[in-house]
Engineer: 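Can you keep this structure in mind? I'll have questions shortly.
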2 protein chains.
Amino acid sequence: MAGAKVTIYQVAARAGVSPATVSRVLNGARVSEESERLVRAAAEELAFTPDRTARRLRRQYSEVIALIIPDIENPFFTALARGVENRASAAGYSVVLCNTDDDPARESTYIDIALADHMAGVILAPADEASDVSRLVARKRPVVAVDRSLNRDDVDAVTVDNRAGGLSAARSLYAAGFTRVACITGPSTVETAQLRMEGWRQAERRHGGAGGDELLRYADYRVDGGRAAMAELLALPEPPDAAVVANNLMAAGALDALYDVGLTPARFGLAVFGDLPHASFSRQGIRVVDLPARELGEAAANLLLDRIAGDDGPARTVVLHTDRRLESR
Amino acid sequence: MAGAKVTIYQVAARAGVSPATVSRVLNGARVSEESERLVRAAAEELAFTPDRTARRLRRQYSEVIALIIPDIENPFFTALARGVENRASAAGYSVVLCNTDDDPARESTYIDIALADHMAGVILAPADEASDVSRLVARKRPVVAVDRSLNRDDVDAVTVDNRAGGLSAARSLYAAGFTRVACITGPSTVETAQLRMEGWRQAERRHGGAGGDELLRYADYRVDGGRAAMAELLALPEPPDAAVVANNLMAAGALDALYDVGLTPARFGLAVFGDLPHASFSRQGIRVVDLPARELGEAAANLLLDRIAGDDGPARTVVLHTDRRLESR
DNA sequence: GAAGTACGAGAAATCGATTTCGTCAAGAGT
DNA sequence: ACTCTTGACGAAATCGATTTCTCGTACTTC
């Protein structure tokens with residue numbers, strides 16, 4: 001059929017009514033049965049699709065929400081995205097995924113885009129502490145932080161109880177008989193990295209640890225960082241016999257480092273935050289603190305949808321619990 | 001500062017020029033140095049950001065490309081997305097990712113959105129053969145199919161040489177001494193599944209295979225499908241001693257099935273299309289046909305950008321070669 | 001010195017849908 | 001019988017930026 005643009009005016013002409021009436025039919029406003037019939041028929045015949053850009057300009061609003069994540073290749077974030085998407089599309093919203101690669105500049109660009117595109121709201125998994133959502137807040141656009149909070153009391157957030165997770169990860173290793181439990185965590189500027197480490201530290205103290213930093217390594221939440229940190233730990237004069245690793249990718253790297261020197265998770269205890277879907281961590285005897293990634297996404301979407309619907313109560317923080325699969329094997 | 005909307009009119013007033021001039025400054029048209037200075041200063045002070053929706057409406061064009069994929073949790077597609085994004089953002093385009101979950105209806109919705117949103121172009125990893133891009137073609141919007149072709153001679157496509165990959169995967173198993181090599185491929189309606197299977201079949205014939213379908217299983221490209229298919233094969237009266245698996249997820253499932261009965265890839269040969277980032281397929285002795293996912297994305301983006309730039313020559317099909325890592329271990 | 005050429009810039013039209021404002025007519029209320 | 005609602009619907013304003021169209025001034029070129 002028509003290769004060209006069909007506008008509301010053509011539909012109006014075809015149906016013998018005014019453009020205003022066509023718009024009313026499309027948006028469910030009061031219209032006579034007769035007009036409605038005519039307009040629908042005309043729209044059908046002309047294969048009319050309303051121009052969303054024009055609508056958005058007029059309405060200053062679009063049913064799209066932006067989900068900004070730091071790393072699209074990390075399964076944790078894709079699972080989270082899936083959760084957001086499920087809730088959002090059930091509510092009639094589309095989700096556009098924006099990948100920042102941990103780059104604050106790109107994050108900032110995407111925030112601008114969300115704003116300039118009149119998106120309904122933004123769910124942000126912050127790249128780092130410097131994330132600046134003030135423009136969104138100033139324009140009163142709904143925002144929800146997920147995974148990491150933004151240290152602002154005026155922004156909704158969804159997180160997990162990282163400290164408790166760190167604590168139980170470390171405990172389960174001690175309980176299994178390991179005695180020198182190290183910790184490989186993320187960048188010291190990142191909230192989740194700090195909290196997970198603090199959980200570990202708490203357990204360590206209780207088991208007579210020195211409380212020093214000898215067994216603590218800050219890495220970058222990436223595979224190579226995990227590998228390097230583990231290699232360092234293994235090279236210590238008095239190396240650990242187990243480790244809590246603060247995220248899934250670093251655990252993959254740490255595992256490589258173990259295999260490199262002929263160790264396995266059976267002999268060197270490993271507990272990790274967050275699974276890696278097909279890496280069969282648990283089949284290899286690694287203890288996993290289950291991060292409810294999809295649920296995080298769903299909770300964030302719920303919060304955001306509430307705000308979009310007009311809820312303007314004080315900011316809420318939802319804390320999800322880490323499921324313990326630690327006793328397994 | 002202002003929490004409210006700043007328009008081009010306010011900037012114009014502040015700078016003492018007309019809105020038209022502001023627009024010219026923003027778009028690099030001819031303007032006197034003096035005006036330019038004034039406008040820039042005013043825009044700066046007011047923290048002006050142009051409304052992209054208005055611009056888009058007027059220009060009937062936006063610098064956003066849609067990437068539509070069937071499964072955001074499959075690392076193959078996220079790697080592909082990464083490739084698209086790299087090329088696109090280098091060229092100044094943003095990418096929005098749309099996840100269809102293999103649902104043709106959602107795919108269709110996203111195509112409509114891309115159209116109604118005046119997006120610059122669409123890169124589509126088709127959910128299945130029914131994918132309908134005719135609306136895009138009719139409106140002369142650039143489209144590129146990736147991974148699977150659309151069987152249309154008027155649409156650019158980027159694929160890999162699936163048949164050759166299937167052939168060499170099977171061959172490498174025979175070369176390693178396995179004698180009954182099975183094949184677990186995707187849905188029979190999917191092009192890539194057919195071609196990979198045909199490559200396997202070719203090798204099988206050459207090695208005296210019966211050419212029957214006893215050792216062939218069609219599954220669904222998902223983990224569970226792979227597991228079930230492998231379980232079936234193992235339960236045969238005369239089971240195979242190796243298998244070519246047509247994608248990464250099914251291989252993960254197949255592997256589970258092997259472990260379930262106490263087999264390992266060392267004893268039961270396994271060759272798979274596409275790696276699974278942290279599953280350490282090759283460490284486990286699995287032969288991997290390397291799918292250049294990122295490169296597929298980059299190639300698709302290149303093609304699309306050419307079209308966006310105005311190239312309207314005949315449709316091209318780019319075929320990338322599967323890297324063989326098969327001799328490894 | 002007259003005619004021709006550029007160039008900077010403002011006024012106004014435009015993109016396509018939504019929404020406000022009024023009008024007109026039919027039914028309700030007194 | 002007359003005013004008051006109420007409902008359907010067209011004309012026109014609106015959203016914010018871009019893009020003609022036009023005009024006045026300055027600079028060439030014979």
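For the numbers below, each heavy atom of this structure counts, side chains included, while hydrogens, waters and symmetry mates do not. Order of the sequence lines sets the chain letters (A, B, ...), proteins ahead of strands, with each chain counted from 1.
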Engineer: Need one value for Ser32(A): base, sugar-phosphate or nothing, where a base atom within 4.0 Å counts as base even if backbone is also close, heavy atoms only.
Structural biologist: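 Sugar-phosphate only.
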Engineer: Is the backbone of Ser149(A) close enough, under 3.5 Å, to the side chain of Glu191(A) for a donor and an acceptor to pair up by distance?
Structural biologist: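 Indeed, once roles are kept as given, a pair shorter than 3.5 Å links the two residues.
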Engineer: Between Arg59(A) (CZ) and dA13(D) (P), how many Å, whole number?
Structural biologist: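 To the nearest whole Å, that distance equals 22 Å.
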Engineer: Taking any heavy-atom pair under 4.0 Å as a contact, classify Val31(B): base, sugar-phosphate, or nothing.
Structural biologist: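 If one applies the 4.0 Å heavy-atom cut-off, Val31(B) turns out to touch the sugar-phosphate alone, with no base involved.
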Engineer: What integer distance in Å separates Leu26(A):CG from dC9(D):C1'?
Structural biologist: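 These atoms are roughly 16 Å apart.
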Engineer: Round to the nearest Å and state the distance from Arg56(B) atom CZ to dA17(C) atom P.
Structural biologist: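 Rounded to the whole Å, the gap is 15 Å.
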Engineer: For a quick check, tell me whether the side chain of Arg58(A) and the base of dT14(D) share a donor-acceptor pair closer than 3.5 Å.
Structural biologist: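 Check passes, donor-acceptor contact within cut-off.
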Engineer: Would the distance check show the side chain of Tyr61(B) and the main-chain N or O of Arg55(B) forming a donor-acceptor pair, the cut-off being under 3.5 Å?
Structural biologist: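 Side chain of Tyr61(B) to backbone of Arg55(B), a donor-acceptor pair under 3.5 Å: no, none is there.
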Engineer: So does Arg222(A) have more than 12 non-hydrogen atoms from other groups sitting under 6.0 Å from CZ?
Structural biologist: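 Counting other residues, nucleotides and ligands, CZ of Arg222(A) stays at 12 neighbours or fewer.
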Engineer: Under 4.0 Å between any heavy atoms, over every strand shown, what does Ser23(A) touch: base, sugar-phosphate, or nothing? Just pick one.
Structural biologist: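 The residue Ser23(A) makes base contact.
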Engineer: Could you tell me the separation between the CZ atom of Arg30(A) and the C1' atom of dA8(D), rounded to a whole number of Å?
Structural biologist: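 So the CZ-C1' distance, Arg30(A) to dA8(D), works out to 10 Å.
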Engineer: So Tyr61(A), base contact, sugar-phosphate only, or nothing? Heavy-atom distance under 4.0 Å.
Structural biologist: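 Counting heavy atoms under 4.0 Å across all strands, no contact is made by Tyr61(A).
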Engineer: Verify the neighbour count for atom CZ of Arg135(B): are there more than 12 heavy atoms of other residues, nucleotides or ligands below 6.0 Å?
Structural biologist: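 Yes.
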Engineer: For dG10(D), does OP1 or OP2 lie under 4.0 Å from any side-chain N or O of Ser18(A)?
Structural biologist: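 For dG10(D), OP1/OP2 do have a side-chain N/O of Ser18(A) under 4.0 Å.
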Engineer: Could you state the NE2-C1' distance from His118(A) to dA17(D), rounded to the nearest angstrom?
Structural biologist: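 Going from His118(A) (NE2) to dA17(D) (C1'), I get 11 Å.
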Engineer: Look at the side chain of Ala20(A) and decide which nucleotide, out of dG16(D), dT18(C), dA11(D), has an atom nearest to it.
Structural biologist: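 Among dG16(D), dT18(C), dA11(D), the one nearest the side chain of Ala20(A) is dA11(D).
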Engineer: From the set dC9(D), dC15(D), dA17(C), return the single nucleotide nearest to any side-chain atom of Gln60(A).
Structural biologist: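 For the Gln60(A) side chain, the nearest candidate turns out to be dC15(D).
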Engineer: Looking at every strand, decide which applies to Thr53(A) at a 4.0 Å heavy-atom threshold: base, sugar-phosphate, or nothing.
Structural biologist: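 If one applies the 4.0 Å heavy-atom cut-off, Thr53(A) turns out to touch nothing in the nucleic acid.
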Engineer: Can you tell me how far C1' of dT14(C) sits from NZ of Lys5(A), to the nearest Å?
Structural biologist: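 Rounded to whole Å, this separation is 14 Å.
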Engineer: Tell me: CG of Leu38(B) to P of dG8(C), nearest whole Å?
Structural biologist: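 For the pair Leu38(B) CG and dG8(C) P, the rounded distance is 15 Å.
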Engineer: So what does Arg24(A) hit on the nucleic acid, given a heavy-atom distance under 4.0 Å: a base, only sugar-phosphate, or nothing?
Structural biologist: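 The answer is base, as Arg24(A) lies within the cut-off (heavy atoms under 4.0 Å) of a base atom.
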Engineer: Taking CG from Asn27(A) and C1' from dG16(C), how many angstroms apart are they, rounded to a whole number?
Structural biologist: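 From Asn27(A) CG to dG16(C) C1': 13 Å.
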Engineer: At 4.0 Å (heavy atoms only), tell me whether Val17(A) reaches a base, stays on the sugar-phosphate, or touches nothing.
Structural biologist: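 Touches sugar-phosphate only.
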Engineer: So, the side chain of Asp156(A) versus the backbone of Ala315(A): is there a donor-acceptor pair under 3.5 Å, distance only?
Structural biologist: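 Absent.
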